[in-house]
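Single-structure report; data block below.
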Amino acid sequence: LHMRLVFVEGSKVAIVAQDKQMGDAKNFTISRQDKETLDQIGSHGNIYNESIVDQNMADPSFDFDGKKVFTIIDKNSGEYLGDIRLIKYSEDEYEIGLVIIQDKRNNGYGSDAIKAITSYAFNKMNAKKVFLRVYRNNPCAKKLYQRLGFVYEKSEDNGYVIDGVKYLEDYMAIKKN
């Protein structure tokens, strides 16, 4: 039996170290195959190749060198749900990024994962602020982040164009109370 290294748990999800033996390279790649997801995460035009992802995926560990991508699984079934990244931006600021596979969205997994990783950043990493970026072509994600307490800070034009339409990237943040 191959056990997962659990980083942090929410009420519905476990955020675990990525693990090739558990198929995470394949799942990571599959989660980025549909145009809608690629457009929403700013990867339009990218092609994710399982062998390249597998080759670059580190062995499972909790080592945190300032940037880490974790796998999100269903806490009860162990089913792959997506991934979340945590990046140290400055001494007391962290950035998060989230992808939930398309057929698992709107089930509370994303909000549970964000709550868990944000709590971890505030309580274990001593973050004063956690922020994320969301493209304007992803209003559902923006509403989710607002519901979780993230507030708009600024917009940036990073030159992202989908089908001839330019999209700005909104930065949203939540601060430790």
Side-chain angles (χ1 to χ4, degrees), residues 1-34 36-38 40-43 48 50 53-54 56-89 93-134 138-150 172-177:
L1 180 65
H2 190 77
M3 299 296 291
R4 290 282 200 170
L5 293 177
V6 177
F7 183 68
V8 64
E9 289 183 308
S11 61
K12 298 173 91 169
V13 304
I15 297 172
V16 300
Q18 285 186 321
D19 191 334
K20 295 177 201 183
Q21 290 185 31
M22 298 300 288
D24 288 346
K26 178 181 179 184
N27 289 327
F28 184 92
T29 305
I30 289 171
S31 72
R32 287 160 171 76
Q33 295 301 307
D34 65 283
E36 181 183 355
T37 298
L38 290 173
Q40 290 173 344
I41 64 172
S43 291
Y48 288 87
E50 182 181 341
V53 172
D54 186 72
N56 291 305
M57 191 175 281
D59 290 330
S61 78
F62 291 136
D63 293 340
F64 184 80
D65 60 359
K67 181 177 182 179
K68 188 112 176 156
V69 178
F70 298 95
T71 293
I72 305 168
I73 61 172
D74 183 289
K75 194 170 162 178
N76 297 318
S77 70
E79 182 181 8
Y80 178 88
L81 301 170
D83 54 81
I84 192 164
R85 73 173 186 245
L86 182 64
I87 301 168
K88 186 172 186 172
Y89 187 75
E93 290 183 26
Y94 288 81
E95 179 181 4
I96 58 175
L98 173 76
V99 173
I100 298 293
I101 59 174
Q102 200 163 28
D103 66 343
K104 296 297 179 182
R105 294 179 188 162
N106 300 311
N107 290 299
Y109 296 123
S111 59
D112 196 40
I114 290 171
K115 287 177 193 174
I117 203 91
T118 302
S119 175
Y120 183 88
F122 286 143
N123 298 317
K124 302 290 186 194
M125 309 293 274
N126 296 315
K128 289 188 171 71
K129 176 174 142 181
V130 174
F131 72 94
L132 47 77
R133 296 177 285 163
V134 61
N138 195 353
C140 292
K142 195 169 184 175
K143 286 179 188 173
L144 164 68
Y145 304 145
Q146 289 170 330
R147 214 171 44 248
L148 295 173
F150 285 80
M172 300 178 75
I174 188 168
K175 296 179 180 175
K176 187 174 184 178
N177 296 335

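Numbers here simply count residues along the sequence, with the first being 1.
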Using atom types as modelled, flag every donor-acceptor pair under 3.5 Å from a side chain in residues 5-13 to any protein atom, sequence neighbours excluded.
residue, atom, partner, partner atom, Å
S11, OG, D112, OD1, 3.2
K12, NZ, N107, O, 2.2

Q | Results of side-chain hydrogen bond (donor to acceptor under 3.5 Å, both in side chains) for K104 - residues two or more places apart only | A | E79
Q: State, to 0.1 Å, how close A141 and V134 come at their nearest heavy-atom pair, and which atoms those are.
A: CB-CG2, 4.0 Å
Q: Any chance you could measure E95, atom CD, to R85, atom CZ, to the nearest 0.5 Å?
A: 5.0 Å
Q | For L86 against A121, the heavy-atom pair lying closest together | A | CD1-CB, 4.5 Å
(Q) Within the structure provided, determine whether Q146 and M172 are in side-chain contact (heavy-atom separation under 4.5 Å). (A) yes
Q. Residues two or more places apart in sequence or in another chain: which of them pass side chain to side chain contact (heavy atoms under 4.5 Å, CB included) with E93?
A. Y89, S90, K129, F131
Q | Pairs touching residues 139-150 that satisfy salt bridge (charged side-chain N to carboxylate O under 4.0 Å, His left out), sequence neighbours left out | A | K142-D170
Q. side-chain hydrogen bond (donor to acceptor under 3.5 Å, both in side chains) with N126: which residues, sequence neighbours excluded?
A. none
Q: To the nearest 0.5 Å, tell me how far I87 CD1 sits from I96 CD1.
A: 10.5 Å
Q) Are there more than 12 heavy atoms of other residues, nucleotides or ligands under 6.0 Å from atom NZ of K175? A) no
(Q) I want to check something: taking the side chain as every heavy atom from C-beta on, are Y145 and I174 in contact at a cut-off of under 4.5 Å? (A) no
Q.
Just to verify, what does K128 make a salt bridge (Lys or Arg N to Asp or Glu O under 4.0 Å) with, not counting sequence neighbours?
A. D92
Q. Measuring from L98:CG to I114:CD1, what's the distance to the nearest 0.5 Å?
A. 5.0 Å
Q.
According to ring pair (Phe, Tyr, Trp, His ring centres under 6.0 Å), who are the partners of F122, at least two apart in sequence or on a separate chain?
A. none
Q) Hey, does V16 have a side-chain heavy atom less than 4.5 Å from the side chain of F70? A) no
(Q) Ignoring hydrogens, what is the shortest heavy-atom contact between S111 and L144? Give both atom names and the distance. (A) CB-CD1, 3.5 Å
Q.
Show, in sequence, the C-alpha distance, side-chain angles and deciding distance for I15 and I84, and conclude whether the side-chain contact (heavy atoms from CB on, under 4.5 Å) test is met.
A. CA-CA 8 Å; I15 297 172; I84 192 164; 3.9 Å; yes
Q) With K115, which residues qualify under salt bridge (Lys or Arg N to Asp or Glu O under 4.0 Å), at least two apart? A) none
Q. What distance do S119 atom OG and M125 atom CE have between them, rounded to the nearest 0.5 Å?
A. 12.5 Å
Q. Listed by chain and number, what are the side-chain hydrogen bond (donor to acceptor under 3.5 Å, both in side chains) partners of Y109, not counting sequence neighbours?
A. D74
**Q.** R105 side chain to I100 backbone, donor-acceptor under 3.5 Å
**A.** yes
Q: For N106, look at atom CG and say whether over 12 heavy atoms of other residues, nucleotides or ligands are found less than 6.0 Å away.
A: no
Q: Show your working on side-chain contact (heavy atoms from CB on, under 4.5 Å) between Y94 and I117 and close with a plain yes or no.
A: CA-CA 10 Å; Y94 288 81; I117 203 91; over 6 Å; no
